[in-house]
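Below: the structure, in structure tokens.
Computed from a predicted model, the values in this text were never measured in an experiment.
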Amino acid sequence: VHQKLLGCALLLEDFDAAIDEATRLLKIQERAEYYYDRALARQRKGDLNGALEDCSAAVREDGQLTKARVLRAGILQAKGDVPTALDEYAAAIKARASDPGAPFGRGCARLLLGREAEALEDFRASKKANQGLSSDLELRAATLALIWLGEMRAKRPEAAAEEVKAFKTDLKELGRDPLKNHLLCLPLYV
């Protein structure tokens, strides 16, 4: 019941309730997912130090939980510790190379730092890891939109358009209508 309440609280963005439920669950059993969920709620509330502690606890419980490393890296970057954040992204990629979220996160960080060429490498790695039947189409759409942005900043509009055209074909093959999902529409819009 408390797991469902935690999920609902996060979905409804009731971060105080999410923190309470995650804390309750952690008293019963220390699990990486519960630490991650509490870290996410704390980060959204602005408690960056508490979120960092929970991310560290999540990684201690499960070194393969890349989303905790990615969240920790994002928090470190927000706090101005860019070198440590980039190291954390690299550790997330190393821990689980098949997870498209880690190179996507590092690509976003690099794009914010004005390092478009490196960001494009990361976005392409994320895109490559995010293929097949279990692919996350929304993450793929966001990745393609950011590839478009990086290519446009690099003054290569043809390359930017090519990536988006391929996505349109993918959606058609999968029978997905981008007009019914704003994230799937994003790369087509740009």
Side-chain angles (χ1 to χ4, degrees), residues 36 39-40 43-44 46 48 51-52 55-56 58-59 63-174 176-190:
Y36 170 77
L40 187 60
Q43 182 256 347
R44 298 273 171 85
L48 299 184
L52 281 174
C55 285
S56 296
V59 170
Q64 297 289 310
L65 191 65
T66 55
K67 62 186 178 182
R69 289 182 184 276
V70 169
L71 179 59
R72 183 165 59 182
I75 294 167
L76 289 167
Q77 185 172 5
K79 291 181 82 165
D81 190 355
V82 174
T84 307
L86 291 174
D87 289 345
E88 191 64 35
Y89 284 120
I93 292 167
K94 184 177 179 185
R96 196 178 210 174
S98 64
D99 185 344
F104 178 82
R106 186 172 70 179
C108 291
R110 287 176 164 173
L111 195 62
L112 287 171
L113 295 170
R115 295 161 58 175
E116 284 83 9
E118 293 170 298
L120 284 168
E121 286 177 26
D122 285 331
F123 292 137
R124 287 202 168 84
S126 176
K127 180 182 158 195
K128 184 178 180 182
N130 190 15
Q131 293 181 358
L133 295 175
S134 63
S135 68
D136 179 340
L137 279 178
E138 291 179 350
L139 178 61
R140 191 171 181 87
T143 302
L144 288 171
L146 291 170
I147 288 172
W148 179 88
L149 178 62
E151 291 290 7
M152 292 301 285
R153 284 184 179 177
K155 310 246 187 287
R156 293 188 296 260
E158 297 82 20
E162 190 175 309
E163 295 278 353
V164 173
K165 286 177 188 173
F167 183 60
K168 199 173 200 178
T169 303
D170 290 346
L171 289 176
K172 194 175 276 189
E173 288 175 6
L174 294 169
R176 296 292 301 269
D177 183 2
L179 297 176
K180 295 182 180 178
N181 182 320
H182 66 283
L183 284 175
L184 297 183
C185 238
L186 183 63
L188 304 177
Y189 176 77
V190 295

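- Atom OG in S98 sits 8.5 Å away from atom CD in Q64 (nearest 0.5 Å).
- Every residue two or more places apart in sequence or in another chain that forms a side-chain hydrogen bond (donor to acceptor under 3.5 Å, both in side chains) with D99 is listed here: T66.
- Side chains of P100 and L139 form a contact here, defined as non-hydrogen atoms less than 4.5 Å apart.
- With sequence neighbours left out, R44 forms a salt bridge (Lys or Arg N to Asp or Glu O under 4.0 Å) with no residue at all.
- Summarising the geometry of A85 relative to Q77, their closest heavy-atom pair is CB-N, 3.7 Å, with the distance given to 0.1 Å.
- For Y89, the ring-ring contact (aromatic ring centres under 6.0 Å, His included) criterion is met by no residue, not counting sequence neighbours.
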Under 3.5 Å, which donor-acceptor pairs do the side chains of residues 113-120 form with other protein atoms, sequence neighbours left out?
| residue | atom | partner | partner atom | Å |
| --- | --- | --- | --- | --- |
| R115 | NE | E118 | OE1 | 2.6 |
| R115 | NH2 | E118 | OE1 | 3.3 |
| R115 | NH2 | E118 | OE2 | 3.3 |
| E116 | OE2 | R153 | NH1 | 3.1 |

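- Every side chain to side chain contact (heavy atoms under 4.5 Å, CB included) that I93 has, sequence neighbours left out, goes to A102, P103, R106.
- Applying the ring-ring contact (aromatic ring centres under 6.0 Å, His included) test to residues at least two apart or on different chains, the pairs with a partner in residues 94-135 are F104-F123.
- Applying the salt bridge (Lys or Arg N to Asp or Glu O under 4.0 Å) rule to pairs touching residues 71-84 yields R72-E88, sequence neighbours excluded.
- Pairs of residues two or more places apart, or lying in two chains, never qualify as ring-ring contact (aromatic ring centres under 6.0 Å, His included) while including a residue from residues 63-85.
- Side-chain contact between L76 and L52: present, with at least one pair of heavy atoms (C-beta onward) separated by less than 4.5 Å.
- A pairwise comparison of heavy atoms in A129 and A97 identifies CB-O, 4.4 Å as the closest pair.
- Among residues at least two apart or in separate chains, salt bridge (Lys or Arg N to Asp or Glu O under 4.0 Å) pairs with a member in residues 139-151 are R124-E151, R140-D170, E151-R156.
- Note that OG of S126 and CD of Q131 are 10.5 Å apart. Values are rounded to the nearest 0.5 Å.
- Residues forming a salt bridge (Lys or Arg N to Asp or Glu O under 4.0 Å) with R96 (at least two apart in sequence, or on another chain): none.
- Nearest approach of A51 to Q43, heavy atoms of both residues: CB-N, 3.8 Å.
- For E138, the side-chain hydrogen bond (donor to acceptor under 3.5 Å, both in side chains) partners are N181, not counting sequence neighbours.
- Residue V70 comes nearest to G105 through the heavy atom pair CG1-CA, 4.5 Å, listed as atom of the first residue, atom of the second, then distance.
- The side-chain hydrogen bond (donor to acceptor under 3.5 Å, both in side chains) check on R110 picks up D122, with sequence neighbours excluded.
- Across every non-hydrogen atom of A68 and Y36, the tightest pair is CA-CD1, 3.7 Å.
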